[in-house]
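Labels below follow one simple rule: chain letters A, B, ... track the order of the sequence lines, proteins then strands, and each chain is numbered from 1.
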There are 2 protein chains.
Amino acid sequence: MKRLLVLAFFVLLLIPTAIAQILKSPDGEFTMNFSLSSAGSPMYALTYKGKTVIKPSRLGFELKNDQKSLLDGFSLTDTKSTSFDQTWKPVWGEVRSIRNKYNELAVTLNQKETNRSILIRFRLFDDGLGFRYEFPSQKNLIYFIIKEEKTQFAMAGDHTAFWIPGDYDTQEYDYTTSKLSEIRGLMKKAITPNVSQTTFSPTGVQTSLMMKSTDGLYINLHEAALINYPCMHLNLDDKNLVFESWLTPDALGDKGYMQSPRTTPWRTIIVSDDAREILASKITYNLNDPAKIEDTSWIKPVKYIGVWWEMITGKSTWSYTNDYPSVLLGTTDFAKAKPNGTHGATTKNVRKYIDFAATNGFDAVLVEGWNVGWEDWFGNFKDYVFDFVTPYPDFKVSELNDYAKSKGVRLVMHHETSGSSRNYERHIDTAFKFMNANGYNAVKTGYVGSVLPRGEFHYSQHLINHYQYTVEKAAQYKIMLNGHEAVRPTGIARTFPNLIGNEAARGTEYQAMGGNNPNHVTILPFTRLIGGPMDYTPGILELDLTKVNPNNNSPFNSTIANQLALYLTMYSPLQMAADLPENYMKYADAFQFIKDVAVDWDDSKYLEAEPGEYITVARKAKGTGQWFLGSVGGNTARMSNISLSFLNPGRKYSATIYADAKDAHYKTNKKAYTISKVNVTSKSKLSQFVAAGGGYAISFVEIK
Amino acid sequence: MKRLLVLAFFVLLLIPTAIAQILKSPDGEFTMNFSLSSAGSPMYALTYKGKTVIKPSRLGFELKNDQKSLLDGFSLTDTKSTSFDQTWKPVWGEVRSIRNKYNELAVTLNQKETNRSILIRFRLFDDGLGFRYEFPSQKNLIYFIIKEEKTQFAMAGDHTAFWIPGDYDTQEYDYTTSKLSEIRGLMKKAITPNVSQTTFSPTGVQTSLMMKSTDGLYINLHEAALINYPCMHLNLDDKNLVFESWLTPDALGDKGYMQSPRTTPWRTIIVSDDAREILASKITYNLNDPAKIEDTSWIKPVKYIGVWWEMITGKSTWSYTNDYPSVLLGTTDFAKAKPNGTHGATTKNVRKYIDFAATNGFDAVLVEGWNVGWEDWFGNFKDYVFDFVTPYPDFKVSELNDYAKSKGVRLVMHHETSGSSRNYERHIDTAFKFMNANGYNAVKTGYVGSVLPRGEFHYSQHLINHYQYTVEKAAQYKIMLNGHEAVRPTGIARTFPNLIGNEAARGTEYQAMGGNNPNHVTILPFTRLIGGPMDYTPGILELDLTKVNPNNNSPFNSTIANQLALYLTMYSPLQMAADLPENYMKYADAFQFIKDVAVDWDDSKYLEAEPGEYITVARKAKGTGQWFLGSVGGNTARMSNISLSFLNPGRKYSATIYADAKDAHYKTNKKAYTISKVNVTSKSKLSQFVAAGGGYAISFVEIK
């Protein structure tokens, strides 16, 4: 035995420095190659169907305080290959069950000079690669501070990218479509104003980043399971077309406080030669832990309306009074204030919304501006900005919740934090108890403005930790959470399915504040939605905003049919019908689709997809089995040609098609739509016009 | 009427720019002169008995973001003079009642260029001046960020100062005694190491700053009511001998986020030609708001022992095991860990302390190191460092609290935060509920190490706000609080009398870690104690630390009699008998004084005082009327000559005198003490030897 060990030792010595380990995807189409460079730097490369996706790319970290970096000097001390194949059922989702099937390679590396070990775990799926760093418990690497993560993604060509500027504070940008080499030249134009923004590099972009190669590969870079670690951006070396991770710093400029044993989030590379497969990929969820909430019966998809669009358009206000130059909670006396007459969240107005929700089958009504503090709610680094429990005098909490309950509707709570994270944590238990006591079961949170603690960013580790705290705290109180202005999701909703929504991108609200690119919604599912659902707030039917507020001339770059299609193409278990009740009554026939459409699904079929151009998806409603279909177009008109083969064979369906009129256009003729009915079967084909910035939506009803 | 107004307008125009307003103290000894310079800068000056205390000094602020400063361009728009005389009763204190008597001048200034107003409120007492800035609610000054407060204190001479280095993170320094002009040259030597320290200027010092002028004035600079504002330091222009306020910055370098209406803390200048009057001054409390806790019946002075000194000396440890390189709360399994055999907070050991407390009449037993996490508790910027509710396996919470209760003793909770303030706030409600449920009514908090959020300091506004939050939160749960490593007190205990103690200076623990200056305790009452009581943890009788831990050779610069006297000279409603029970049994006769001495008082008479030299005080116990007396000396031996005229005339007392032996010395003969008994009356005089670093203590028992 001893002799054998000695022998093994000598054999180890003979292994060349450049060790290569091969990992194949279950279907054999992907090959991941791990190696150590001659300097002992961990490297990986990835091919798909023989095409290079990632050229040899370095892995590792720079550490703070002159600690020897974790970049080189490594030798391979262990490798472990395993396979995994399991199917799990999400609490809500696009499909009833998700297959989690991959081959795994775990390499353990030792840095001899420091006697420190790291492990890199690769999981290769049939739709891409995930890998992460792990720091096992060890004597020489316990506490350390990351100066920068140096994970590289070396591109094989000057791909077309769908990108937004890297920013520590916001993702609320329109996408720019350009070659990688063009990013630098276009960056300045891409950085449009935001109330809180911190860009960092002329070639820095955000994930999830969608790319398309000239040889027909669709490549998506993102991360999964971002927990207690800074959000990753990508910085491009545009000479060599190599992306490198760029973490969000904290107030000291540090990029991650670590304590072993720890793991980093997963870095994901989703790849296909069919864009539809990118949309259907479940890698991000599969790389997250299974649900940590045992009883999930209280988590339910929500279709809702809200006292919201009237404030966004400037028709009404969140604030109650114009009497005070600023508010000091606990001191400012709202009972004595003169109402400004524009306050949206009045008992009377909310009752109207509740009635409308009940009449039209909505689950819930969001009310923003119900609680005191909106007179000076952002832009001031204000610490004690809201208390989350004190309503304005004209908003009767229990009366309204009782009324809603009597109508079979729930009110959705709103907690705007103005970025004051400590203040929110100080009040969160009281606020959630208040919700429990008053009948609220879901909350929309907001982080508008600069972050407190001052010096931190929306995406630094301190705040990532905070968002996770709020999700887990909400779960304790059986509250569903929809986080706005928080970090973009990374599949954490698998583990905490009460995280039913996030904003974390440029939403519909910008259509009332300057407009979005007409093809915006053909990119979001390839980027923002890779990590989880978005509360995009679609369904605006009165696209001429001057009809809502004569002073609002913002171009709403969309058509009515496009607005309807979004309920399918922007998957979310939380869907708003964002327009005003009176507008829905004006467009009652189109509104019918919003009333009908489901929000939870047993199956989804991506029929057409091209980032920036179009997305067409059919979905089968959970429980009822009813099919719906949505298609959105980009900047120019097109014909959508699809087969309805997803329908049950041998059955007949009446299809109601909500489509752009022939002369519809997102700019010049937004409101021209047609509604038609045709009978179809699984053998039917459909050829449908889609206007520039347009779309179409179909509900299928089986004819029995 | 209209004509009159026009006339008034012209009269106003005729008032010269240099307006002077005079304010006199009630007894007429102080004169404060307020004026506006020709540039419209607010100025003040102060004299006492005709001697200059503060030469004309500028007031005002620099603001951030290129906002026009609040330094000049002001005109006087209103002045208001009032008088105040009220007596109030503290919940605990040196005296039964406190007189709050002052004349006030409030000047309102308008800066014409910006149309902004500020108010400066001066209160002149018979023992000094307090003033603060007020920012009334107004349109042009709502939110603003202070770049620096520019309050000056222009000294009239090169005074002798008793100072510690200005530092954003710690006050745990020995005092340097020097001329003001010598500070710069001595600063480097004065900055001794600390686990968390951030000094900022070669002439920056902390408040409370004690000074003595060559013409016999004692001058103390400090602040009162430091709430939601950065802690003030003083930076000396040593060419002109002008101090200027230097606020503690936050992570962005900013020095105060303000929202009008707001006030700053009070800046205080306590002055006398008799050093004893400085010690007796109640200005700091008088400038704080009256108690905000209605029912204060649960707040009671505490004399306690604790499982503490054995860890400080290195005899035992806070930690339970040496098995783990680091701890992950919720993951690390302490039940499976091998005990290190040195853990102090064991059930068995604590029972021994409880027995000792009960036998010897102590109210409470502090236990540190009872909860999991001490294996890697500081130095790592660790976020989730303690949960404040999970005991080590060998510490039985309810058993021990039950046992303590059966013995008429309370356990004192310990919450070390390691500076991780967010983590403490996340757990504070649960932790306080845990205390309520288990019989704890007092907590000692700790903030050792660097502060989280990272980039903030122990004394920046964010943390000042945090400490206040903990005090108010504790009050909600009827918990008394003793904050260590928090900001030095500023009289807030008047408003929240549950703040029964603070450390915030170099305490007895340093005697086991290198030693304190022998005259340290003759300076602390003139500096640190101006703002409130200190948990100095006196009463170490085994001054040869090698007897406690053979490896601890730290010089303990004190004598046994000095240790006893501290119970009088270091006033606190919270007094520890810090030594080990076995040491008290070794010195049972001296220990008798610690058992006898009261911790709450109806009256106090400062008999002798000179900063750096000596302090002698007699105090009358609350309720019993029994007198005690303590005297501490400085670096050299002296004779203390006092009259006992404070005793009730016509009564006879037996005085037990615990004194230094003739050959006692803090360095060479610490443990030489004598105990003698003499009969005395109010006509008696006492001449008592005090060794270098020594002292004496007396208990008077009336002979009936």
Do you know which of N228(B), D376(B), D250(B) has the most heavy-atom pairs with chain A at a distance under 4.5 angstrom? D376(B)
Select one option (side chain, backbone, both, neither) describing which atoms of S137(A) are under 4.5 Å from chain B's heavy atoms. side chain
Residue among R262(A), E456(A), K139(A), Q259(A) with most heavy-atom pairs under 4.5 Å to chain B: Q259(A)
By a 4.5 Å heavy-atom criterion (distance strictly below it), what part of D429(B) contacts chain A: side chain, backbone, both, or neither? neither
What's the separation between atom OH in Y324(A) and atom CD1 in I142(B), rounded to the nearest 0.5 Å? 14.0 Å
Region of S260(A) that comes under 4.5 Å of a non-hydrogen atom in chain B: backbone
In this structure, CE of M258(B) is separated from CG of N380(A) (nearest 0.5 Å) by 14.0 Å
Side-chain donor-acceptor contacts of residues 446-455 of chain B below 3.5 Å, not counting sequence neighbours, with atom names and distances?
unit_1, atom_1, unit_2, atom_2, d
Y447(B), OH, H466(B), NE2, 2.7
R454(B), NH2, F381(B), O, 2.9

Heavy-atom side-chain proximity of D383(A) to Q461(B) below 4.5 angstrom: no
Might you confirm whether atom NZ of K292(A) has over 12 heavy atoms from other residues, nucleotides or ligands at distances under 6.0 Å? no
When only pairs under 4.5 Å are counted, which of R422(B), K382(B), Q138(B) shares the most heavy-atom pairs with chain A? R422(B)
Within-4.5 Å side-chain heavy-atom neighbours: E425(A) and E425(B): no
Does CG in D66(A) sit with more than 12 non-hydrogen atoms of other residues, nucleotides or ligands closer than 6.0 Å? no
With a 4.5 angstrom heavy-atom cut-off, is it the side chain or the backbone of D254(B) that approaches chain A, or both, or neither? neither
Among P325(B), A251(B), G379(B), S421(B), which residue forms the greatest number of heavy-atom pairs with chain A at distances under 4.5 Å? P325(B)
When the 4.5 angstrom heavy-atom criterion is applied to L328(A) and chain B, the contacting part is both
Go through the structure and list residues passing side-chain contact (heavy atoms from CB on, under 4.5 Å) with T317(A), not counting sequence neighbours. S319(A), N340(A), T342(A)
